[in-house]
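In what follows, residues are counted from 1 in the order of the sequence shown. Being a predicted model, the structure only gives us computed values, none of them experimental.
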Amino acid sequence: MKHVHLGDERDLPRQAARTTPTRTGEAAGRTGIGDNRRVNTEISIAPEVTAQYPAYRATVVLAHGLRNGPSGPETVDYLADAVATAVKTLDGRKPGEHPQLAAWRRIYQSFGVKPSRFYCSAEALARRAQSGQVPSINELVDLYNAVSLRHLLPAGGEDAGALQGELVLRFATGDEPCDIPERPDGPTAPAIGEPVWADDAGVTCRRWNWRQGRRTALTDQTTDAFFLLDAADESSYEPLADATAELTDLLTRRPGATVTTRSFSNV
């Protein structure tokens, strides 16, 4: 069985497809960057994940030629506005009661995780927003966190230059190298059957979209990155399109950036 790969811009929902990158890299495989480095941008989803979660959709925003660092006033304000938007949208409800986040709770429960103990990244961020504790990390992290909050979708970003081989969403075998502990002094190995994003060097994100690792984190040295946005089911398809368009636009405005969008394609 072959992996399900992420398609090109033509596969995006209509709202996201309105954003056209000024320049695009190769549709799949390895994309050349201006300084002659080769950055792997091949991303796929294992067929057993697709079979078990057929309603799942995702979009990937690939960006090259980025500059990262501490957030400037504009990005700090954008994040603060996103925090206020999330709080207003939730209107006093627990984040896990929102339909889009409740869908992720059901998925987490389906692979043996207590959703009251481990939250998808969007629910964890929304809970922080309600308590007024969403810190600024850096420009790129703040941008995708803001988009996540505005649309209540899990969003993550990783340094494409740190990837080794193809990045795959698959079920863990339990013996993968991993630097993501459950708690500061706890084990890092994922459980057998746990959905993880992993490349040839090990796990980059545990429990689908719970927590990312340090090896591929976005840092001040990041120049090439990919951003993944997740929709658990039909309740998130329209927000996924809107969030993809918004993040693509934000990144395209950055001087020197080349941005390409891809979508989950069940082929």
Side-chain angles (χ1 to χ4, degrees), residues 19 59-92 94-96 98 100-101 104 118-162 179-181 183-184 197 204-207 209-230 239-240 242-259 261:
T19 301
T59 55
V60 171
V61 181
L62 294 159
H64 304 303
L66 295 168
R67 294 182 181 179
N68 198 19
S71 289
E74 184 176 353
T75 300
V76 170
D77 289 346
Y78 180 69
L79 179 59
D81 181 74
V83 168
T85 297
V87 170
K88 183 177 180 180
T89 298
L90 291 169
D91 193 26
K94 294 180 179 179
H98 189 280
Q100 294 169 209
L101 301 179
W104 279 110
F118 297 101
Y119 310 112
C120 77
S121 62
E123 181 173 352
L125 200 57
R127 290 168 64 90
R128 282 178 169 264
Q130 286 184 320
S131 62
Q133 297 178 349
V134 178
S136 174
I137 306 299
N138 59 48
E139 283 275 355
L140 297 178
V141 173
D142 288 356
L143 287 178
Y144 78 69
N145 276 345
V147 170
S148 177
L149 283 166
R150 284 171 56 81
H151 300 279
L152 295 180
L153 287 173
E158 302 200 41
D159 191 322
D179 64 0
I180 312 167
R183 53 186 184 276
W197 285 97
T204 66
C205 185
R206 287 193 59 184
R207 295 194 177 93
N209 48 31
W210 169 63
R211 183 172 295 169
Q212 295 168 248
R214 294 183 290 271
R215 174 170 58 88
T216 57
L218 300 177
T219 69
D220 290 357
Q221 288 71 49
T222 298
T223 58
D224 308 300
F226 72 88
F227 303 85
L228 182 71
L229 298 94
D230 293 320
L240 176 65
D242 293 340
T244 302
E246 183 171 338
L247 182 58
T248 301
D249 181 60
L250 288 166
L251 293 169
T252 300
R253 288 189 235 161
R254 302 182 71 82
T258 301
V259 183
T261 51

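- Looking at D249 and V259, their side chains never come closer than 4.5 Å, going by heavy atoms from C-beta outward.
- Between V141 and N68, every side-chain heavy-atom pair lies at or beyond the 4.5 Å cut-off.
- The side chain to side chain contact (heavy atoms under 4.5 Å, CB included) search around T216 returns E158, A162, L163, T204, not counting sequence neighbours.
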Test side chain to side chain contact (heavy atoms under 4.5 Å, CB included) applied to D81 and R150, step by step: CA-CA 9 Å; D81 181 74; R150 284 171 56 81; 3.6 Å; yes
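- Minimum heavy-atom separation, A155 to S121: N-OG, 3.9 Å.
- Atom CG of D220 sits about 10.5 Å away from atom CD of E139, to the nearest 0.5 Å.
- Separating the CG atom in L125 from the CG atom in N145 is a distance of 4.5 Å, to the nearest 0.5 Å.
- A 4.5 Å side-chain heavy-atom check between T59 and L240 finds at least one atom pair inside the cut-off.
- Minimum heavy-atom separation, P181 to W210: O-CH2, 3.6 Å.
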Worked verdict on L143 versus F227 for side chain to side chain contact (heavy atoms under 4.5 Å, CB included): CA-CA 10 Å; L143 287 178; F227 303 85; over 6 Å; no
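- Here the closest heavy-atom approach between residue G65 and residue D224 is recorded as N-OD1, 3.4 Å.
- Nearest heavy atoms, A63 versus L66: CB-CD1, 3.7 Å.
- Nearest approach of H98 to T89, heavy atoms of both residues: NE2-CG2, 4.2 Å.
- One finds the CD1 atom of I137 at 13.0 Å from the OG1 atom of T219 (value rounded to the nearest 0.5 Å).
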Quick one: do L153 and V147 satisfy side chain to side chain contact (heavy atoms under 4.5 Å, CB included)? Show the steps, please. CA-CA 8 Å; L153 287 173; V147 170; over 6 Å; no
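- Between atom CG of residue L101 and atom OH of residue Y119 there is a gap of 12.0 Å, rounded to the nearest 0.5 Å.
- In the model, D142 has a side-chain atom that pairs as donor or acceptor with a side-chain atom of S136 under 3.5 Å.
- Here T85 contributes atom OG1 and L152 contributes atom CG; the two are 9.5 Å apart, rounded to the nearest 0.5 Å.
- Of the possible polar contacts, none joining the Q212 side chain to the A217 backbone as a donor-acceptor pair under 3.5 Å is found.
- Of all the heavy atoms in V87 and A129, the pair that sits closest is CG2-O, 3.6 Å.
- In this structure, R254 places its CZ atom where more than 12 heavy-atom neighbours from other residues, nucleotides or ligands lie under 6.0 Å away.
- Between the CG atom in L229 and the OH atom in Y144 there is a gap of 10.5 Å [rounded to 0.5 Å].
- When each of R206, E123, R207 is tested with F118 by the rule side chain to side chain contact (heavy atoms under 4.5 Å, CB included), just one qualifies, namely R207.
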